[in-house]
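Shown next, in structure tokens, is the structure this report addresses.
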Amino acid sequence: DAAREARERLWARAAGHQLVAGRPELAMWLDDIRAGGLLARSARRAKLDEAALLELALQVVGRLPAQGTLLAVLAAEVVGDSHALDPGRPLATLVLRAAVHMAGWPKVPSTATARRRLWAEVGVLCDPLSVHVLVFGLRPAGTGPLARNLREWADSGEPRRITLRELAGSTLAIAPGANLFVCENPAVVAAAADHLGRRCAALVCVEGIPSTAALELLSRFRDGGTPIRFHSDFDWAGVCIGNLLSEQLGAVPWRFTTSDYQAALVNASEA
């Protein structure tokens with residue numbers, strides 16, 4: 001009875017916490033981690049009292065959404081341990097579940113790329129140097145170093161990778177009326193560089209499920225009114241990528257329709 005009453009007091013204090021008041025998404029998060037026993041399991045793994053772990057989680061969640069804060073910096077500032085929010089750590093498990101509710105995602109992501117994207121949606125950057133996006137023929141307007149550098153690489157007819165860190169500190173825009181093309185496979189970029197060189201239109205390669213950097217770049221151009229057209233492989237994974245680009249960015253198919261698929265089958269059979 002005493003233990004049950006202590007748990008009730010714990011959840012009552014959490015529900016009345018100043019960070020939760022007026023934020024229904026956090027109230028749903030508390031219900032979620034209570035109903036599923038996630039807090040209890042995480043506390044046992046962390047070898048901490050449930051109340052202590054929940055208080056730490058609330059402190060981290062209280063910093064969200066952040067403004068481009070590095071994950072390790074956030075963990076160090078709040079917990080004193082730069083690895084406290086690493087994948088699989090008990091505290092990270094609780095905070096990611098809060099991020100799901102804050103960002104409106106249906107569930108906790110299962111892949112590293114998706115987790116980075118979820119963190120990014122609540123303003124936290126996991127690793128702005130190792131996350132990048134492959135581009136070719138990109139000639140954005142602007143006088144900043146990234147815009148100038150991209151124009152130089154496009155004029156030289158060579159592809160380039162842009163890191164998330166570069167994007168975070170830059171403003172990019174494509175000339176009105178220009179299309180932005182998206183492909184899945186780097187081989188398409190290599191072929192474009194070989195056959196078109198500096199004449200190639202703006203091309204972004206997502207290399208599978210779009211990285212945080214790819215989504216950030218494409219979102220900026222979408223918000224600036226640039227039409228985005230995508231092509232992917234005609235397989236299950238390619239269709240999933242196409243659906244993601246269509247749903248999140250309003251992109252439209254580029255040689256990626258039913259008629260294109262049927263024409264490819266005819267050409268393959270004739271060959």
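Numbers here are sequence positions counted from 1. Predicted, not measured: the structure shown is a model, and the values here were computed from it.
A donor-acceptor pair under 3.5 Å is absent between the side-chain atoms of Ser232 and the main chain of Ile241, judged by distance alone. In this structure, Arg41 contributes its side chain and Pro90 its backbone to no donor-acceptor pair below 3.5 Å.
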Indicate every side-chain donor-acceptor pair of residues 70-82 with a distance under 3.5 Å to a residue at least two apart or in another chain.
residue: Glu77; atom: OE1; partner: Arg63; partner atom: NH2; Å: 2.5
residue: Asp81; atom: OD1; partner: His83; partner atom: N; Å: 3.0
residue: Asp81; atom: OD2; partner: Arg89; partner atom: NH2; Å: 3.2

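Note on Glu207 versus Arg161: salt bridge recorded, some NZ/NE/NH1/NH2 to OD/OE distance being below 4.0 Å.
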Apply salt bridge (charged side-chain N to carboxylate O under 4.0 Å, His left out) to the pair Arg117 and Glu121, showing each step before the final yes or no. CA-CA 6 Å; Arg117 193 162 73 244; Glu121 289 203 16; 5.0 Å; no

Checking salt bridge (charged side-chain N to carboxylate O under 4.0 Å, His left out) for the pair Arg34/Glu8: CA distance, chi angles, key distance, verdict? CA-CA 11 Å; Arg34 179 182 186 180; Glu8 290 298 330; 2.9 Å; yes

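Here Asp155 pairs with Arg139, Arg198 under the salt bridge (charged side-chain N to carboxylate O under 4.0 Å, His left out) rule; sequence neighbours left out.
Residues in residues 158-208 take part in these ring pair (Phe, Tyr, Trp, His ring centres under 6.0 Å) pairs, two or more places apart or across chains: Phe181-Trp254.
A distance below 6.0 Å separates the ring centres of Phe256 and Phe234.
At a cut-off of 3.5 Å, with distance as the only test, a side-chain donor of Thr257 or Asp260 sits close to an acceptor on the other residue.
No side-chain heavy atom of His101 sits less than 4.5 Å from a side-chain heavy atom of Leu26. Between Val188 and Phe136 there is no side-chain heavy-atom pair separated by less than 4.5 Å.
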